[in-house]
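The structure under discussion appears below in the form of structure tokens.
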Protein chains: 2
Amino acid sequence: MTSRPPRPRDRGIPEATVARLPVYLRALQALQDRGILTVSSEALATAAGVNSAKLRKDLSHLGSYGTRGVGYEVEYLVYQISRELGLTQDWAVAIVGIGNLGRALANYGGFGSRGFRIAALLDADPGVVGQSVASIQVRHIDSLEEVVRSRGVSIGVIATPAASAQGVASRFVEAGVTSILNFAPVVLNVPDGVDVRKVDLSIELQILAFHAQRRADGDGRDARAAGLELT
Amino acid sequence: MTSRPPRPRDRGIPEATVARLPVYLRALQALQDRGILTVSSEALATAAGVNSAKLRKDLSHLGSYGTRGVGYEVEYLVYQISRELGLTQDWAVAIVGIGNLGRALANYGGFGSRGFRIAALLDADPGVVGQSVASIQVRHIDSLEEVVRSRGVSIGVIATPAASAQGVASRFVEAGVTSILNFAPVVLNVPDGVDVRKVDLSIELQILAFHAQRRADGDGRDARAAGLELT
DNA sequence: ACGCGCTTGTGAAAGCGCGCACAAAGTGGG
DNA sequence: CCCACTTTGTGCGCGCTTTCACAAGCGCGT
Ligand SMILES: NC(=O)c1ccc[n+]([C@@H]2O[C@H](COP(=O)([O-])OP(=O)(O)OC[C@H]3O[C@@H](n4cnc5c(N)ncnc54)[C@H](O)[C@@H]3O)[C@@H](O)[C@H]2O)c1
Ligand SMILES: NC(=O)c1ccc[n+]([C@@H]2O[C@H](COP(=O)([O-])OP(=O)(O)OC[C@H]3O[C@@H](n4cnc5c(N)ncnc54)[C@H](O)[C@@H]3O)[C@@H](O)[C@H]2O)c1
């Protein structure tokens with residue numbers, strides 16, 4: 001739709017690379033904690049569980065931050081990746097649906113450490129509203145628009161039952177939230193320009209089951225399909 | 001590798017297709033609940049949030065189950081996909097680490113409905129062991145091997161802190177579990193033949209942040225990069 | 001019986017991502 | 001100063017994935 005040829009700027013980092021940057025970042029921070037100052041692509045790739053050429057190509061998209069013959073300076077790379085991912089600013093997150101999963105998310109300490117701050121918890125159940133979860137008062141879903149505006153919420157997390165998810169998503173969008181993380185097992189319908197990511201545990205299990213079944217079938221008929229037989 | 005002629009259906013289903021089959025399955029079951037008997041690729045694709053040509057190609061990997069001019073019979077397709085994914089048998093799942101997340105998973109009702117049965121809960125904390133979560137007694141991690149054997153566990157879920165995850169994974173593998181779903185933010189090291197899938201909420205948020213920042217940058221300097229400005 | 005409209009199944013092309021392999025660039029020792 | 005060694009950055013080919021486009025197939029109405 002928008003013109004592609006007349007856009008010489010190469011701001012486009014491949015999606016696959018973006019998905020791996022957080023993994024590199026975590027590995028780098030682990031190295032930093034151990035007092036390590038520089039790291040080679042080979043070592044970092046091993047820590048991140050990827051091929052070293054892929055790692056180098058990924059990093060090359062952010063610029064040339066390595067030194068040939070030496071490697072990458074850990075601290076500088078942490079900063080560059082953080083900046084590229086937008087983690088140098090802090091992001092206000094609102095969680096809707098404070099049930100089993102919503103509570104676990106609210107109580108999870110690992111978010112705040114990376115620039116994400118839980119700014120609000122919302123639920124529709126009068127029995128839940130008013131409760132204090134992880135030192136945050138749960139507010140009623142009707143105040144979503146007000147909360148988004150007043151707290152500057154830019155990321156919405158949906159942890160409601162599937163039936164309510166689309167409604168919540170629409171309200172998020174209307175309130176101006178353009179980034180949504182959805183845990184409900186439904187396909188959300190949102191306008192262009194709104195970014196939705198889905199986490200679906202059930203799908204992950206089904207994919208595991210598929211491969212497990214295939215291994216089992218193969219063992220029966222084909223015998224040497226996989227290098228199993230551990231112990 | 002294996003002979004082509006004596007194998008009517010090609011056993012190799014592309015990975016990308018496998019990842020989408022559960023989505024189709026869920027959409028089909030929603031249609032089934034509404035009493036709909038047949039569906040076109042176009043309608044099902046919309047419900048699943050994909051391109052219709054992609055859906056048809058995906059389904060063609062399982063065989064020719066559609067009728068030209070009509071579409072697909074919902075019930076038959078549900079059966080075929082379920083069978084292909086291995087959901088016609090039931091899978092015993094063990095969850096290790098009964099903290100915030102482990103409890104949410106244990107209390108989640110959506111697993112049982114698709115062939116997955118929570119067979120055991122395990123933890124290392126003496127204060128947690130013995131507790132009853134979702135009507136299941138939490139057992140000590142030391143009994144992992146025994147539990148895996150006696151309950152026929154084939155899928156292991158890791159919801160422990162990152163520091164313990166590799167150890168738990170190794171014990172799962174040694175006990176014969178070849179499918180692992182990992183929620184801890186670490187790269188697990190396992191032998192060939194063991195299938196590990198990772199769910200990392202923190203990474204999802206970081207990817208959202210990246211795109212959100214890019215949109216914000218574009219709006220400031222470039223103005224018409226995305227079709228935002230809702231309402 | 002036949003033709004019309006609808007929908008599937010699939011070639012073909014384009015796009016994207018991965019990993020090999022190597023030249024370029026830097027380091028350190030002599 | 002030079003040479004041997006290390007490690008980055010990337011050109012290139014390959015295979016997987018997506019999408020287009022259309023012939024073949026099916027049902028229905030006449
Ligand atoms: N618990 C898990 O481990 C798990 C695993 C996979 C998927 N999920 C999905 O995550 C979602 C939440 O699961 P859960 O186990 O926490 O469910 P839950 O029933 O425990 O909690 C849902 C919460 O959402 C609230 N809610 C319902 N409608 C709402 C609305 N319109 N606005 C605001 N709040 C509303 C309810 O009051 C409740 O507190 C579900 O869609 C589920 O399928 C959960
Ligand atoms: N809670 C969340 O929403 C969330 C979000 C993203 C990631 N995670 C990840 O999921 C994991 C669990 O998170 P949580 O919030 O439930 O943590 P938690 O601390 O609440 O629970 C961890 C549980 O694991 C048990 N445990 C520790 N070591 C063990 C071992 N060796 N064997 C068996 N059990 C052991 C602990 O006793 C505890 O009960 C962590 O790795 C976390 O990073 C959690």
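Heavy atoms only: backbone and side chains are in, while hydrogens, waters and symmetry mates are out. Residue numbers start from 1 in every chain, and the chains themselves are labelled A, B, ... in the order their sequence lines are given, proteins ahead of strands.
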To the nearest angstrom, how far is [X] atom [atom1] from [N] atom [atom2]?
X: A:Leu62; N: D:dT8; atom1: CG; atom2: C1'; result: 14 Å
X: A:Glu15; N: D:dT17; atom1: CD; atom2: P; result: 17 Å
X: B:Arg56; N: D:dA24; atom1: CZ; atom2: P; result: 16 Å
X: B:Ile13; N: D:dT17; atom1: CD1; atom2: P; result: 12 Å
X: B:Glu73; N: C:dT8; atom1: CD; atom2: P; result: 14 Å
X: A:Leu55; N: D:dT10; atom1: CG; atom2: P; result: 14 Å
X: A:Asp58; N: D:dG9; atom1: CG; atom2: P; result: 12 Å

Below 4.0 angstrom from OP1 or OP2 of [N], is there any side-chain N or O of [X]?
X: B:Asn51; N: D:dC20; result: yes
X: B:Tyr65; N: C:dT7; result: no
X: B:Arg20; N: D:dT18; result: yes

message: Just to be sure I understand the rule, does A:Ala16 reach a base, reach only the sugar-phosphate, or reach nothing, if contact means heavy atoms closer than 4.0 Å?
response: sugar-phosphate
- request: Would you classify A:Ser52 as touching base, sugar-phosphate or nothing, given that sugar-phosphate means primed atoms plus P, OP1 and OP2, and contacts are heavy atoms under 4.0 Å?
  value: nothing
message: Under 4.0 Å, heavy atom to any atom of DNA chain C: which of residues 32-47 of chain B qualify?
response: B:Ser40, B:Ser41
Could you give the side-chain donor-acceptor pairs of residues 152-168 of chain A under 3.5 Å, partners two or more places apart or in another chain?
| from | atom 1 | to | atom 2 | distance (Å) |
| --- | --- | --- | --- | --- |
| A:Gln166 | OE1 | A:Asn189 | N | 2.8 |
| A:Gln166 | NE2 | A:Ser170 | OG | 3.2 |
| A:Gln166 | NE2 | A:Asn189 | O | 3.1 |

message: Please list all pairs meeting salt bridge (charged side-chain N to carboxylate O under 4.0 Å, His left out) that have one or both residues in residues 18-45 of chain A, counting only residues at least two apart or in different chains.
response: A:Arg20-A:Asp58, A:Arg26-B:Asp200
field: Residues, nucleotides or ligands: over 12 heavy atoms within 6.0 Å of B:Glu75 CD
entry: no
- prompt: With side chains defined as the heavy atoms from C-beta onward, is the minimum distance between B:Leu144 and B:Val148 less than 4.5 Å?
  reply: yes
query: What about A:Lys57: does its side chain form a donor-acceptor pair under 3.5 Å with the base of C:dG19?
result: yes
query: Has the side chain of A:Arg68 got a donor or acceptor atom sitting under 3.5 Å from an opposite partner on the base of D:dT7?
result: no
query: Closer to the 5' end of DNA chain D via nearest nucleotide, is it A:Ser64 or A:Gly69?
result: A:Gly69
- prompt: For A:Tyr65, does its backbone N or O pair with a side-chain atom of A:Glu73 as donor and acceptor, under 3.5 Å?
  reply: no
B:Val199 backbone acceptor or donor facing B:Glu204 side chain under 3.5 Å: no
query: Passes side chain to side chain contact (heavy atoms under 4.5 Å, CB included), A:Leu59 versus A:Ile81? Steps please.
result: CA-CA 9 Å; A:Leu59 294 183; A:Ile81 294 180; 4.2 Å; yes
statement: Of A:Lys54 and A:Thr67, the one whose closest nucleotide on DNA chain C sits nearer the 5' end is A:Lys54
